[in-house]
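To start, the structure under review is shown below, and the notes come after it.
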2 protein chains.
Amino acid sequence: MNRKATDPRGTGARSATLKDVAEVAGVTTTTVARVLKESGYVADATKARVLDAVAATGYRPNSLARSLRQSRSHVIGHLLKSTVPNPFYVEVARGAEEEARARGYTILTANVQHDAETERRAVETFLGWRADGLVFSTPADAANVEYAQSLGVPLAQVERPRSLVGHRLVVRNYPSAVAAMRHLVDLGHRRIAYVGAELLPETGPAALYGYVERERFDAWRDVMRDIGAATDGLARFGEAYTIDQPTAQGHGYQATQMLLRMADRPTAILASNDILAAGALQAIHEAGLRCPDDISVVGFDDTLAGFLTPLLTSVRLPARRLGATAVRMVIDEIEGKGPPGQHLALDAELVVRRSTGPFPLRR
Amino acid sequence: MNRKATDPRGTGARSATLKDVAEVAGVTTTTVARVLKESGYVADATKARVLDAVAATGYRPNSLARSLRQSRSHVIGHLLKSTVPNPFYVEVARGAEEEARARGYTILTANVQHDAETERRAVETFLGWRADGLVFSTPADAANVEYAQSLGVPLAQVERPRSLVGHRLVVRNYPSAVAAMRHLVDLGHRRIAYVGAELLPETGPAALYGYVERERFDAWRDVMRDIGAATDGLARFGEAYTIDQPTAQGHGYQATQMLLRMADRPTAILASNDILAAGALQAIHEAGLRCPDDISVVGFDDTLAGFLTPLLTSVRLPARRLGATAVRMVIDEIEGKGPPGQHLALDAELVVRRSTGPFPLRR
DNA sequence: CTGAAAGCGCTAACAT
DNA sequence: ATGTTAGCGCTTTCAG
């Protein structure tokens, strides 16, 4: 058998090339290629011989060579801000992978946590592989997004876009937060606290980043105003969580402790994510109170909700669809099937579980 | 400026090639290459001109071309069994990525959940990209691993190896489970229940897969025997969790309900993972009991532990190191720096939090 | 110290 | 219905 090519590891397993197949089938590489991509006319007899040869040689197309030749890699680079401890991004990644595979693309993933420098290097790596498009699932730094954009690479930003370039995909946080609040109000609550991450300024580049928290907070404020409830001292902001110290004993825990010490303490809490809500549940438990009997809690993201005690009422984000849609937009743009720079907002859904109950208590 | 090459999207952003740089610097591609990889003699003056040209053209090496030419892609394919809802695999992925980047490799990831067919396709994709090595972070099907092995691709299996090929990396579950049990025994517990996933047969291909659960169970059984405690009715097996219905209300919950109904109910529970432990906490809470006052709980994996109420005592797995080490072994083999087929076991560590307390109660 | 030339495996335009 | 040919961008001998 033909073994003239390189075989670095000496495994004797150099994979067959088109040429190998062609020789076995007694045709040229062109014909083999035609058979494999089912284009152009090939006689049935030849076709059969070629397919036999493909099977006999164990031929496997070389994506490297194809990409180089076509100046199209069919690779999408996916930059994930973080995946720990928040499974949200894992689902985004899955959605992205499924969509890409369905369209014949491969996803290159980089977990960049929240580091601008790591993100920059990942962009360079992806461009080195001549990725046809990029997806930033929550960009760490606007500069990186704009850099890629300036190079003409089709790209999408998922949640918390950092700038106005490329496709932007967000969650409609406001209405779902309003729904969560309405749920509490319908249960009879009027004294509802808000435990969230720090709000960033409304202007400047941070405005984009902060809109998730801002929308959730605005919903709380607006509903409270609509029902004519007092809000003094009921909104607590702090650091949602630190990636390297995943624990419920952070801001959610501490803020709730303070709320419970208030003379006129709240009867319900809207937390801006499940991690904060987990901290709230912990504080409630330690204070000897019961949820939802003494106080109701609503989370956001629906990541930990199903594992907490009691099962947490939370707002579920369309994570998988977010990833899939971002990839679809980018591929459509690459293939000239869709316009660039689309802006889309997907709906989230309130999942009612057991951490919310009526007030005043019926017993 | 030279724009003869393809520019499919008409962005005017065709990236510069070695040739472009060479023309600007007034040398040949050979010289540019020499400067870039800092090998061979290049006059300082030429070097400077080349570097200027690199900067001026915005040259970025084409990994596709380099890989094709060298028959070495510097790509490692990473097959992840699942990432939801268990953050364990996310950490494995991070470890793998960090190690790979440090060694100049790129990781291609595929989330294959638990599906053998998806896994097979991912292997094909990776081989299509001529990955230099593969890492199966918990293989779904032995056949896929053996197939890759038969092709001579260096590979590693992380936890739950399905066959005896390639590098195998596991966690020393037994001693850490013994440590967890000793912790409970030291607290005065003698009636300790075990809530785990179904044990698979000890022989046949499933034996490899089942060893994780088997080791954790064996530790429970052995310690119980050592302290002369009765074990009748105290071991409960079931489905740990279903990927698409992430909830604490599964086996852990139900098994604990049954345990709590026993006449001589256990004073502590060893759960074989945090999800089962979350279910146990839920059942305890709903039964009107308190943890650890009435019953202690120990989890495994330390994934949800930090978010549960009360904070769960759990065994932390060296997830990041697992991923990094698997990649290191594979790269070492690729580069001829290490032997193939290594078998390594890493230690896990008991993290004591608040779900475990003394028995009998001191109050 | 630098250059010329071949070729990695594939595709696509152009023959025949 | 099949073949010829010319590269994609890079690395690697081999010359000079």
Side-chain angles (χ1 to χ4, degrees), chain A residues 2-8 14-50 53-54 57-75 127-130 132, chain B residues 2-8 14-50 53-54 57-75 127-130 132:
Chain A
N2 179 359
R3 177 124 324 139
K4 65 197 165 203
T6 54
D7 180 12
R14 177 187 76 90
S15 48
T17 69
L18 262 195
K19 204 171 158 201
D20 296 332
V21 178
E23 279 171 14
V24 171
V27 293
T28 62
T29 60
T30 317
T31 305
V32 179
R34 270 203 268 269
V35 172
L36 290 179
K37 63 187 324 215
E38 299 172 6
S39 79
Y41 298 94
V42 181
D44 284 350
T46 336
K47 196 171 195 167
R49 261 188 304 137
V50 169
V54 166
T57 53
Y59 172 75
R60 190 189 325 280
N62 185 326
S63 304
L64 257 20
R66 191 177 72 119
S67 297
L68 178 61
R69 171 62 231 241
Q70 296 188 326
S71 299
R72 289 270 282 97
S73 63
H74 290 265
V75 162
L127 295 177
W129 284 99
R130 297 302 186 265
D132 294 333
Chain B
N2 178 358
R3 177 124 322 140
K4 65 197 167 205
T6 55
D7 180 12
R14 178 187 77 90
S15 48
T17 69
L18 261 195
K19 204 172 158 202
D20 296 332
V21 177
E23 278 171 15
V24 172
V27 293
T28 61
T29 60
T30 317
T31 305
V32 178
R34 270 202 269 268
V35 171
L36 290 179
K37 62 188 320 216
E38 300 171 5
S39 78
Y41 298 94
V42 181
D44 283 349
T46 334
K47 197 171 194 166
R49 261 189 304 137
V50 168
V54 166
T57 53
Y59 172 74
R60 190 190 324 281
N62 185 325
S63 304
L64 258 19
R66 190 177 71 119
S67 297
L68 178 61
R69 172 60 231 236
Q70 296 189 140
S71 300
R72 290 269 282 99
S73 63
H74 290 266
V75 162
L127 295 177
W129 283 99
R130 297 301 186 265
D132 293 334

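What's counted below: heavy atoms across the whole structure, side chains too, no hydrogens, waters or symmetry copies. Below, chain A is the first sequence line, B the second, and so on; all start at residue 1.
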Inset, instruction - Report yes if some heavy atom in the side chain of A:V75 is under 4.5 Å from a heavy atom in the side chain of A:R130; otherwise report no. - result: no
Inset, instruction - Taking the side chain as every heavy atom from C-beta outward, state whether A:W129 and A:S67 have any atom pair closer than 4.5 Å. - result: no
Legend entry - Any A:T31 side-chain N or O less than 4.0 Å from OP1/OP2 of D:dG3: yes
Inset, instruction - Verify the contact: side-chain N or O of B:T28 to OP1 or OP2 of C:dG3, cut-off strictly under 4.0 Å; return yes or no. - result: yes
Inset, instruction - Using a 4.5 Å cut-off on heavy atoms from C-beta on, say whether the side chain of B:T29 contacts that of B:T17. - result: no
Inset, instruction - Using only side-chain N and O atoms of A:T17, determine if any of them is under 4.0 Å from OP1 or OP2 of C:dC8. - result: no
Inset, instruction - May I have the distance from B:L36 (atom CG) to D:dT12 (atom P), rounded to whole angstrom? - result: 13 Å
Legend entry - Nucleotide-resolved protein contact map, nucleotides 11-16 of chain C, B/S/- at heavy-atom distance under 4.0 Å: BB----
Legend entry - Length of the line joining A:R72:CZ and C:dC10:P, which is rounded to integer Å: 18 Å
Legend entry - Interatomic spacing from CZ in A:R49 to CG in A:D44 - rounded to 0.5 Å: 12.0 Å
Inset, instruction - With heavy atoms under 4.0 Å as the rule, sort B:S67 into base, sugar-phosphate or nothing. - result: nothing
Inset, instruction - Take the protein atom CG of B:D20 and the nucleotide atom P of D:dG9, then report the distance between them rounded to whole Å. - result: 8 Å
Legend entry - For atom NZ of A:K19 and atom P of C:dG7, their distance in whole Å: 9 Å
Inset, instruction - With the side chain counted from C-beta on, respond yes when B:V32 and B:Y59 share a heavy-atom pair under 4.5 Å apart, and no when they do not. - result: no
Legend entry - Sub-4.5 Å side-chain heavy-atom contact between A:L36 and A:V21: no
Inset, instruction - Could you pick out which residue, A:R60 or B:Y41, lies toward the 5' side of DNA chain C when each is mapped onto its nearest nucleotide? - result: B:Y41
Inset, instruction - Let me know the distance between CG of A:D44 and C1' of D:dA1, rounded to the nearest Å. - result: 12 Å
Legend entry - Atom pair distance, as rounded to whole Å: CG in A:L68 and C1' in C:dC8: 9 Å
Legend entry - Distance in angstrom units between A:E23 CD and C:dC10 C1', rounded: 15 Å
Inset, instruction - Any pair with a residue in residues 60-71 of chain A that passes salt bridge (charged side-chain N to carboxylate O under 4.0 Å, His left out), sequence neighbours left out, goes on the list, sorted by first then second residue, please. - result: A:R60-B:E124
